[in-house]
Amino acid sequence: MADIEMEEDHPRLILHNFLTEDECKELEFIHKSCSTIGYRPNVFSTTLSHLIATNSAHLIIPFLPIRDRLKEKVEETFGCEYELVTEFTGLISWSRGASIGWHSDDNRPYLKQRDFTAVCYLNSYGKDFEGGLFHFQDGEPKTIAPMVGDAVIYTADGRNTHSVDEVTSGERLTLTLWFSRDSSHDEDAKLILLLEENVLHKSNNVPWSLLPLPASDNMYWFSPHQASNQDIGFDIRLGRLHALGFDVYYSRDMNFGSDLSELLMEPMQLARRDQLLDHKFVNVLHSLQDANLKLSQTRFNPARRFDYHDHNQRRLLRLV
C-alpha cells in the first residue's frame with residue numbers, strides 16, 4: 001500500500017490498494033442486490049440500517065472488518081487513537097448525470113458531528129465509468145481519479161472542501177464512512193438497537209427466515225430528472241435484473257391492470273434468453289440477490305475475516 005504524504009494545511013491521505021479486489025467485489029454484490037434510490041438525483045445507496053430493515057442483516061458482516069481498519073487508520077493518521085466512533089457507513093453509487101458541487105462534509109448544522117471522512121473506491125475511472133473525478137478545492141493532491149481498492153481519508157471540515165464531476169457513463173461505486181468524536185452519534189449503538197428489535201419481532205411473531213423483505217416501493221422507483229410524474233420511470237430492482245440479462249416470469253398471467261408493486265411481492269421465476277430457470281423466488285429482492293450471487297466471480301466467507309476485539313462488533317455479529 002503506497003500512501004501519498006499528508007499536507008498540514010489540508011489534512012488528507014491517499015491509500016492505494018487499501019481494499020482487495022475480492023472485498024470490492026463483495027461490497028459491489030451487496031449494493032447491486034440491495035440498493036435503493038439515494039439522496040441526490042441519479043444516486044443509489046445501501047445503508048446498514050436498510051439491510052437490517054429488509055431482513056438482510058447478515059450482509060452487514062463484510063463491512064465490519066473494513067470499518068475497523070479504516071477507523072484505526074484515521075485515528076493513527078490524525079492522532080486521535082481511541083477517540084472516534086463510526087457515525088455512518090454506506091455504499092453509494094453515482095450513475096450518469098450524478099454530480100455534486102463544492103462542499104465540506106460538515107456543511108449543515110445537523111452534520112457538525114462529522115470530524116473525518118473515508119471514501120473507498122470499489123471500481124475504476126476509465127474502465128467502469130467515465131466522469132466522476134474527485135477534486136479538492138485547495139492543496140495537493142487536487143484531483144483524484146478513482147481506482148478500485150484505493151481510499152482517501154480527510155478532515156470533514158472546510159480545509160477539505162471538495163466536489164465530484166458529473167458521471168457521463170457507467171456507475172461509480174464507493175464505500176463512504178464518516179467518523180465522529182461525539183459518542184452519541186455512534187452508528188453501532190443504533191444498529192444494535194435495530195437488530196435487537198428485529199430479533200424480538202421475529203421471535204414473537206414470525207418464523208425465522210433469511211429471505212429478504214423489500215422496503216416500500218417508492219424507495220426503488222427511479223424517475224429520470226426527478227420527474228414529477230411517477231408513471232415516468234422504472235423499478236431499479238427490475239432494471240438491475242434486466243441489466244444482468246434476466247426477465248421475470250409469473251405462473252399466473254400478468255395483465256396490464258396488475259399493480260406492479262403487488263406483483264413484485266409475488267413468487268416469481270427468472271428467465272434468461274429462452275431458458276426458464278427452475279428456482280422459484282419469494283419476491284423480486286430475493287431473485288435479485290440470487291442473480292447477483294450466481295453471476296459473481298468470487299465466493300466469499302466474510303465471517304472468517306471478522307475481528308472479535310471490538311465489544312460492539314461482537315454484539316453485532318451475535319445479533320446478525
Side-chain angles (χ1 to χ4, degrees), residues 1-16 18-19 38-41 43 45-49 63 66-94 98-122 125 131-147 150-167 172-191 312:
M1 185 190 304
D3 301 348
I4 294 180
E5 191 171 341
M6 185 170 63
E7 281 193 10
E8 185 175 345
D9 293 337
H10 306 285
R12 67 186 65 138
L13 189 67
I14 314 301
L15 306 167
H16 294 300
F18 184 81
L19 297 183
Y39 61 100
R40 301 181 63 81
V43 169
S45 68
T46 304
T47 65
L48 303 192
S49 59
F63 291 87
I66 296 172
R67 289 198 320 162
D68 264 357
R69 283 159 46 204
L70 279 169
K71 184 161 77 74
E72 288 170 3
K73 191 65 179 179
V74 169
E75 289 177 332
E76 173 193 326
T77 300
F78 298 104
C80 49
E81 286 85 351
Y82 310 110
E83 293 182 16
L84 301 182
V85 296
T86 304
E87 188 257 356
F88 173 87
T89 307
L91 298 169
I92 302 172
S93 66
W94 305 56
S99 66
I100 189 169
W102 295 115
H103 70 286
S104 64
D105 288 338
D106 68 346
N107 67 343
R108 297 286 187 272
Y110 56 86
L111 301 178
K112 289 301 180 183
Q113 72 276 4
R114 293 178 175 174
D115 292 302
F116 302 100
T117 304
V119 179
C120 300
Y121 297 111
L122 306 183
Y125 168 79
L133 291 174
F134 183 102
H135 302 285
F136 285 110
Q137 195 169 47
D138 301 294
E140 295 295 336
K142 184 149 294 205
T143 296
I144 297 173
M147 297 299 292
D150 287 357
V152 54
I153 59 178
Y154 52 91
T155 58
D157 57 20
R159 291 176 292 174
N160 280 302
T161 298
H162 57 279
S163 67
V164 177
D165 289 347
E166 181 176 329
V167 175
R172 177 187 188 269
L173 180 57
T174 64
L175 169 65
T176 300
L177 296 92
W178 283 288
F179 301 100
S180 176
R181 290 187 173 93
D182 185 346
S183 61
S184 68
H185 291 277
D186 186 356
E187 181 181 45
D188 282 356
K190 298 171 185 176
L191 294 175
N312 272 350

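Note that these values count all heavy atoms, side chains included, but never hydrogens, waters or copies made by symmetry.
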By salt bridge (charged side-chain N to carboxylate O under 4.0 Å, His left out), which residues pair with [X], not counting sequence neighbours?
X	answer
Arg181	Glu83, Asp115
Glu166	none
Arg114	Glu87

Counting N and O atoms only, with roles assigned by atom type, does the side chain of [X] sit under 3.5 Å from a partner on the main chain of [Y], one being a donor and the other an acceptor?
X	Y	answer
Arg172	Leu133	no
Thr77	Val74	no
Arg40	Ser99	yes

Roughly how far apart are [X] [atom1] and [Y] [atom2], rounded to 0.5 Å?
X	Y	atom1	atom2	result
Cys120	Phe18	SG	CZ	6.0 Å
Leu84	Leu70	CG	CG	12.0 Å
Cys80	Phe116	SG	CZ	4.0 Å
Leu48	Thr89	CG	OG1	5.0 Å
Asp68	Lys73	CG	NZ	15.0 Å
Phe63	Thr47	CZ	OG1	9.0 Å

Considering all heavy atoms, the nearest [X]-[Y] contact:
X	Y	value
Ser93	Leu173	CB-CD1, 3.8 Å
Pro141	Ile14	CG-CG1, 3.8 Å
Ala98	Pro41	CB-O, 3.8 Å
Pro11	Asn160	O-ND2, 2.8 Å
Tyr125	Gly131	CD1-O, 3.3 Å

Modelled atom types, side-chain donor and acceptor of [X] and [Y], under 3.5 Å:
X	Y	value
Asp150	His16	yes
Ser104	Asp157	no
Ser180	His185	no

Fill in: Of all pairs that satisfy salt bridge (charged side-chain N to carboxylate O under 4.0 Å, His left out), the ones with a partner from residues 98-108, not counting sequence neighbours
none

With heavy-atom distances below 4.5 Å as the criterion, would you say the side chains of [X] and [Y] are in contact?
X	Y	answer
Ile66	Leu175	yes
Val119	Thr117	yes
Val152	Tyr121	yes

Item to complete: Step by step, work out the side-chain contact (heavy atoms from CB on, under 4.5 Å) result for Lys71 and Thr86.
Response: CA-CA 7 Å; Lys71 184 161 77 74; Thr86 304; 3.9 Å; yes

Item to complete: Could you list the residues that satisfy ring pair (Phe, Tyr, Trp, His ring centres under 6.0 Å) with Trp178, not counting sequence neighbours?
Response: Phe88

Worksheet item: Residues two or more places apart in sequence or in another chain: which of them pass ring pair (Phe, Tyr, Trp, His ring centres under 6.0 Å) with His162?
Response: His103, Phe134, Tyr154

I'd like to know if [X] and [Y] make a salt bridge, using a cut-off of under 4.0 Å between side-chain N and carboxylate O.
X	Y	value
Glu187	Lys190	no
Arg12	Glu140	no
Asp182	Lys112	no

Discussion item. Using the rule given for salt bridge (Lys or Arg N to Asp or Glu O under 4.0 Å), can you reason through Arg69 versus Glu72, listing the C-alpha separation, both sets of side-chain angles and the distance that settles it, and then say yes or no?
Written reply: CA-CA 5 Å; Arg69 283 159 46 204; Glu72 288 170 3; over 6 Å; no

Worksheet item: Passes side-chain contact (heavy atoms from CB on, under 4.5 Å), Asp9 versus Arg159? Steps please.
Response: CA-CA 7 Å; Asp9 293 337; Arg159 291 176 292 174; over 6 Å; no

Practice prompt. Take Phe136 and Thr143 through the side-chain contact (heavy atoms from CB on, under 4.5 Å) test and state the conclusion after the steps.
Written response: CA-CA 6 Å; Phe136 285 110; Thr143 296; over 6 Å; no

Item to complete: List the steps and the verdict of side-chain contact (heavy atoms from CB on, under 4.5 Å) for Thr161 and Asn107.
Response: CA-CA 10 Å; Thr161 298; Asn107 67 343; over 6 Å; no

Worksheet item: Do other residues, nucleotides or ligands put more than 12 heavy atoms under 6.0 Å from Tyr82 OH?
Response: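 It does not: Tyr82 OH has 12 such atoms or fewer within range.
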
